[in-house]
Amino acid sequence: MSSVIDPARLQTLNDRPILSGRFVLYWMQQSQRAEWNHALEFAVAEANRLHLPVVTLFAFDPNYPEANLRHYQFMWEGLVETADRLHRRRIGFVLRLGPPPELVVRLAQDAALVVCDRGYLRHQRRWRREVALHSGRRVVQVESDAVVPVDEASLRQEYAARTLRPKLLRLLDRYLTPVPSSAPRFPAHSLEIPGEDFTRPGWIDRLGLDRSVAPVTAYFRGGTSQAKLRFQHFLEQQLAGYASLRSQPQLTGGSTMSPYLHFGQISPLYLAMEVRRRAAAPADSEAYLEQLVVRRELSLNFVERCSDYDRYSGLPAWARATLERHRPDPRPAIYDLDTLEAAATSDPYWNAAMREMTGTGFMHNHMRMYWGKKILEWSPDPQTAFERALALNNRYFLDGRDPNSYAGVGWVFGLHDRPWGERPVFGTVRSMTAAGLERKCDILGYVSRIQRLIAGGGEVPPDAGGPAIG
DNA sequence: ATCGGCTCGCGCAA
DNA sequence: TGCGCGAAGCCGAT
């Protein structure tokens, strides 16, 4: 096997041989980008070695779990750009409609080898198992959406950030290296593999997708080039002082990379290396890497190692026990789901956060915590609160349904945290209050920032206004 | 304004 | 076995 990619990022998922075939198939799923993609570059290197072209397949699944038009629109914008970038490199890109494992197994019948990227959620792991089982040729998984590969970082479910942090930081320098890239020697043009004509405008509107949540194109345009423009803006305007200002939601939303990371449109390795390169103060670089590497990869560890990552039963025992003891406590208010969704509670700070979420597909990280804590406080019982928070999270956020979603909602209920002083409803699970927001940040400034944002229809950085499409 | 107490479990020192 | 300490908590005492 080719050694251009660090072997720690590779897993051979079956014991099938490499066969003779017309191409090397790269099944793109998690890492939806044409650069800084270890899986893609591994496929290119293997194809060159085997004297074959590379064909990329993206299986566009109109029934993807919990996906609606907001998510699909953003993903589609990214795929249009990625397909164009791959064609320019003489790498094939085919998009087909349907369930991923079936489509991959079918196209794999003409391939010598199947290369896939790595995803950590239940259905992503299941899909890869099925492809490995039924494709009949070797399937190699290449991990490109973690800075430190999850199995290198830790083989156990970590209890908290403090137990994973030293393991990650020990390995960080070793993995902060660019992705080796080589030119494909055998172009894919002549293969003529049929696929959807998906780049034409309006294509997405004919798919019968769940249209109940509107796209947020005034705030976020999908695609690698959009992600990079945004990130350069962040590096220039907001990285200096990030360590002290990141919990001030009145200022900005942070780097806003989470939607792009969720769809694999940007590489976390690229972000980490850029921050290291550009930060003037080590404290700012460390604070950003704490989010991008420590907290994000704690989420990967959680969904990979905890089979109940999306269920109340996945919370730590001490948290479930204390919440259970406080189940009978009177709540200050109980809102139904419609009232929450309509941002019609009596808390203006929470309502602003909810409007940011429904209106823009994003929320400042600090407000995500407050938002969740209040849902716990305002629901009839903790299980219902958990289900509501996760459902709203996954429905409205562009980065919903991400490992970060499950760890983030879980944190509200005590996951990766520790007990604190006992309080009504929360028990010893950490609480948050409106008075705390008033004490620690300019929360009225946040409310008016969101009002302006929703009224003005967008705060896409001016230099990032260029088209991601076409 | 700042500080300690609240409470659990992990990891390390002993 | 003991001890320090941890995603951003809150509250009351000084």
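Proteins come first, then strands; the chains are lettered A, B, ... in the order of their sequence lines, and each starts at number 1. What you see below is based on every heavy atom in this structure, not just the backbone, and it leaves out hydrogens, waters and symmetry mates.
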Checklist line | Shortest side-chain distance from A/R162, nucleotide among B/dC8, B/dG11, C/dG6 | finding: C/dG6
Check: Over how many whole Å does the gap from A/N404 atom CG to C/dA7 atom C1' extend?
Finding: 13 Å
Margin query: Distance check, P atoms only: C/dT1 and B/dT7, in whole angstrom units.
Written below: 24 Å
Notebook entry, point to check: Hey, do the aromatic rings of A/H123 and A/Y64 have their centres closer than 6.0 Å?
Noted result: yes
Item checked: Side chain of A/A161 - closest among C/dA7, B/dC8, C/dC10 -> C/dA7
Notebook entry, point to check: So does A/T433 get a side-chain nitrogen or oxygen closer than 4.0 Å to the phosphate oxygens (OP1/OP2) of C/dC10?
Noted result: yes
Next item on the list: Measure centre to centre between the rings of A/F234 and A/Y242, then say whether the value is under 6.0 Å.
Entry: yes
Checklist line | Protein-nucleotide distance (A/L437, atom CG; C/dC10, atom C1'), rounded to Å | finding: 13 Å
Notebook entry, point to check: Of all the nucleotides listed (B/dC10, C/dA7, B/dC8), which has the minimum atom distance to the side chain of A/R156?
Noted result: B/dC10
Notebook entry, point to check: Would a line drawn from the ring center of A/F397 to the ring center of A/H71 be shorter than 6.0 Å?
Noted result: no
Check: Rounding to a whole Å, what distance do you find between A/L164:CG and B/dC10:C1'?
Finding: 13 Å
Notebook entry, point to check: Counting side-chain heavy atoms from CB outward, which of B/dT7, C/dA7, B/dC10 is closest to A/T163?
Noted result: B/dC10
Notebook entry, point to check: What class does the angle between the rings of A/W27 and A/W127 fall in, given that below 30° is parallel, 30 to 60° is tilted and above 60° is perpendicular?
Noted result: tilted
Next item on the list: Could you tell me the separation between the CG atom of A/L315 and the C1' atom of B/dG9, rounded to a whole number of Å?
Entry: 16 Å
Margin query: Counting the atoms with a prime plus P, OP1 and OP2 as sugar-phosphate, which does A/W318 contact under 4.0 Å by heavy atoms, base, sugar-phosphate, or nothing?
Written below: sugar-phosphate
Margin query: So for A/R430 and C/dA7, does any side-chain atom that can act as donor or acceptor lie under 3.5 Å from a complementary atom in the base?
Written below: no
Item checked: Distance in angstrom units between A/R296 CZ and C/dA7 C1', rounded -> 18 Å
Check: Considering only C/dA7, B/dG9, C/dC11, which nucleotide approaches the side chain of A/R423 most closely?
Finding: C/dC11
Next item on the list: Check every atom of C/dA7, B/dC10, B/dT7 against the side chain of A/Y159 and return the nucleotide holding the closest atom.
Entry: B/dC10
Next item on the list: Using atom CE of A/M367 as one end and atom P of C/dA7 as the other, report the distance to the nearest whole Å.
Entry: 22 Å
Margin query: Taking C/dA7 as the reference, what is the distance to B/dA1 when you measure between their P atoms (whole Å, please)?
Written below: 27 Å
Margin query: Using whole Å, what does the distance between atom P of nucleotide C/dA7 and atom NE2 of A/H366 come to?
Written below: 16 Å
Note to self: I need the CZ-C1' distance between A/F413 and C/dA7, as an integer number of Å.
What the structure shows: 17 Å
Next item on the list: May I ask you to say what A/Q248 touches in the nucleic acid, namely base, sugar-phosphate or nothing, with a heavy-atom cut-off under 4.0 Å?
Entry: nothing
Next item on the list: Give none if B/dG9 has no partner; otherwise give the nucleotide forming a Watson-Crick or G-U wobble pair with it, both distances under 3.5 Å.
Entry: C/dC5
Checklist line | Side-chain heavy-atom pair A/R276, A/L289 within 4.5 angstrom cut-off | finding: yes
Notebook entry, point to check: Can a side chain N or O of A/R418 be found less than 4.0 Å away from OP1 or OP2 on C/dA7?
Noted result: no
Notebook entry, point to check: Under the side chain to side chain donor-acceptor pair (under 3.5 Å) test, which residues partner A/S267, sequence neighbours left out?
Noted result: none
